[in-house]
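Reading through the structure tokens given below for one structure.
Each chain gets a letter, A, B and so on, in the order the sequences are listed, and its residues count up from 1. Note that these values count all heavy atoms, side chains included, but never hydrogens, waters or copies made by symmetry.
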Amino acid sequence: MHLNSDTHPLSNAFLNLCYQSDASRIRRRLFKLNKEVDSDKKTQTLAQLSEQAQAAFEKVELRRNARPKIHYPENLPVSLMRDDIARAIAGNQVVIIAGETGSGKTTQLPKICLEVGLGCRGMIAHTQPRRLAARSVASRIAEELQSPLGEVVGFKVRFADALKSDSYIKLMTDGILLAELTSDRNLDQYDTIIIDEAHERSLNIDFILGYLKQILKKRPDLKVIITSATIDVERFSKHFNNAPIIEVSGRTFPVETRYRPLVQDSDADLDQIEGIFAAVDELVSEGLGDILIFMNGEREIRDTAEQLSRRNYRDTEILPLYARLSYGEQSKVFNSHRGRRIVLATNVAETSLTVPGIRYVIDPGTARISRYSYRTKVQRLPIEPISQASANQRQGRCGRVGPGICIRLYDEADFNNRPAFTDPEILRTNLASVILQMLAIGLGDIAGFPFIEPPDPRHIRDGFLLLEELQAVESKHNKLVLTPLGRNLAQIPVDPRLARMVVESQQLGCLNEVLVIAAGLSIQDPRERPMEKKQASDEAHRRFADPSSDFVSWINLWQHLKEQQKELSASQFRKKCRDEYLAYLRVREWQDLYAQLKQAVHDLKWRLNDTPASYDTLHRALLSGLLSHVGFKDNNNEYLGARNRKFFVFPGSPLAKKGPKWIMAAELTETSRLFARCCAKIEPEWLEPLAAHLIKKAM
DNA sequence: GAGCACTGC
């Protein structure tokens, strides 16, 4: 029989019916076999591969027959449209599903896929922007399919998974899917990819959508489903060659929008707090129901909460809500309550967290939005007017339990003049990390990558510049390519600057300490600082402070935790953390991330140092990643280096008098959460890479 | 001595 015959196990037609990852492996071996000259060996391998193909075919049959029985909750809008959806999926490689919350698309789509026969030649990948969502969606679908979590339906997020090799549906964060690209270029383990919440347009989502567009031709069997809120869906459709859009209605209640601008006809202008008072008064007179007020930040929330509580609304509790809040305080918004509740929240409440039972929303119309300034080379968090899409999302937060009212503290003309959508992250961020990943996967020209919205060329250039400073890329034949060091950076799953420190520390013999610090600087600060216990918590934390360096305090805290953990039982340790104003879950995250980094350096065949590192080597390693954020003063107290770099010298400090040999402080990444002091004596040779870039710029 | 939302590997 000839290989071209459709029934031969090694024919293309047959392999197309086999389990995809096996088929792809067999194809690769067939391709290699072309070069084999020994005909006996060739025949033998062909027989072997035929057998494997047969098994891979049967695997698909087995999976098809073992699928669970599928039922749909009849009251969901998406259930009613499942035939339309099934038909669209069967007839198109890419389908866009647009629907608001409450349509049931997230839970029902993978079931529809399974029912039409997908999930058999490979798993159904289903991505979520957040870990928590990935896990809880997995549980919900597993429950509906009456299968324990991790069997038919599993999940994989950073630090946790529950999945079997014969699972059908795999919930994951979009970041995990991206990370898997490194070892599975064509996503062969999947026959279907569902990208949920694509309208959020995170860096990960934009990158995945570009990547998928590229592999559709190589994987004609792969089905892709993009789901999004009903905003900007045409853009997705256009990106994927006019893929069909199916709209699914949501199940929400009508929301009345009232415009109450602060700026009125000249003399009656209100400031924001007065506007909020007036809006709260107005809503209180509407009747019972919880109120959600959007704010720009922690401080603003605290101030507003204080002023609102002074107004003594009857039977009303005021709750703050922001990400840095301790878990205990955050969870208060989920507790049942009597009377009225006013929740003052940052943007967490817009996407990440759904505050239950909200009937009224007050939207001042602004938010802090992270933006990379190409001019100053730093990431900033300016307060900006939010987009129409974002305002509508906020408004929708009060239509989930009944008809709602949303008061906007601006006028309708203002709303209509705003941009329709928030700029996607890719247009607002430093691209070093994305570029590094793209180079590592071998995607070639960043400028030619099919992004939905291509990033600003100046941002791309700056991304390369940062990578160059970190010595991760170099110019070769007029092209910027990854250096061996850069290849290592790409394998260390933290910000490239932090990864750079890890690489340097390996050479200097302080890997262990720097892993602790790099992990610590990547997570949310585990130190809690509750409003009413500021002093006590500061004192508890001060025990770990190091006079010369904030980085060393991380090490001190780490050691302390390790000792406590050794002595105490698990529950005692949890309690101890609480008593010492440390967030247990974040401590765990720190330890998990450390373990992950340790694994990564283990894979690189690097060894941890057994003896404690000296201050000098430690700081030298840390500075390698800080270069682009650090400047220094010469003996005349003149700045060397780009003045607009993040750069701090404490002028009053005695160390400032010591001249250019001391770096005093540096802000590592975008937010003050990572502000850290390090007073390190800098040896001239450490300065070379720094001086090369910075001094040249200063000239 | 800064004072600034939220995610993700």
Can you check the N430(A) CG to dG8(B) P distance for me, whole Å?
20 Å
Output all residues satisfying side chain to side chain contact (heavy atoms under 4.5 Å, CB included) with R487(A), sequence neighbours left out; order by chain, then residue number.
L482(A)
Grab the CD1-C1' distance between I301(A) and dC4(B) for me, whole Å please.
12 Å
Between S370(A) and R428(A), is any pair of side-chain heavy atoms under 4.5 Å apart?
yes
Within less than 4.0 Å of OP1 or OP2 of dC6(B), is there a side-chain N or O belonging to R324(A)?
no
Taking only N and O in the side chain of T351(A), is any of them less than 4.0 Å away from OP1 or OP2 of dT7(B)?
no
Just to be sure I understand the rule, does N296(A) reach a base, reach only the sugar-phosphate, or reach nothing, if contact means heavy atoms closer than 4.0 Å?
sugar-phosphate
Residue mapping more 5' on DNA chain B - nearest nucleotide basis, V348(A) or Q596(A)
V348(A)
What do you reckon, are the aromatic ring centroids of F544(A) and W554(A) less than 6.0 Å apart?
no
Quickly work out the R131(A) CZ to dT7(B) C1' distance and round it to whole Å.
9 Å
Whole-Å distance between dC4(B) P and M295(A) CE?
14 Å
Indicate whether OP1 or OP2 belonging to dC4(B) is found under 4.0 Å from a side-chain N or O atom of R299(A).
yes
K598(A) has an atom NZ; how far is it from atom P of dC9(B), in whole Å?
21 Å
To the nearest Å, give me how far apart CE (M172(A)) and C1' (dG8(B)) are.
13 Å
Hey, does E425(A) reach any base, or is it just sugar-phosphate, or nothing, if we go heavy atoms under 4.0 Å?
nothing
May I have the distance from I176(A) (atom CD1) to dG8(B) (atom P), rounded to whole angstrom?
11 Å
Would you mind classifying the nucleic acid contact of S202(A) as base, sugar-phosphate or nothing, using non-hydrogen atoms under 4.0 angstrom?
nothing
Do R527(A) and Y581(A) form a cation-pi contact, if we require the NZ or CZ to be under 6.0 Å from the six-membered ring centre and within 45 degrees of the ring's axis?
no
By side chain to side chain donor-acceptor pair (under 3.5 Å), which residues pair with N488(A), not counting sequence neighbours?
none
Classify A367(A) by what it touches in the nucleic acid, base, sugar-phosphate, or nothing, heavy-atom distance under 4.0 Å.
nothing
If only side-chain N and O atoms of S370(A) are considered, is one of them under 4.0 Å from the OP1 or OP2 phosphate oxygen of dC4(B)?
no
Using a 4.0 Å heavy-atom cut-off across all strands, classify R130(A) as base, sugar-phosphate, or nothing.
sugar-phosphate
Which listed nucleotide (dT7(B), dG8(B), dC9(B)) is nearest to the side chain of A179(A)?
dC9(B)
Output the rounded distance in Å from CZ (R428(A)) to C1' (dC6(B)).
10 Å
Choosing from dC9(B), dT7(B), dA5(B), which nucleotide comes nearest the side chain of E298(A)?
dA5(B)
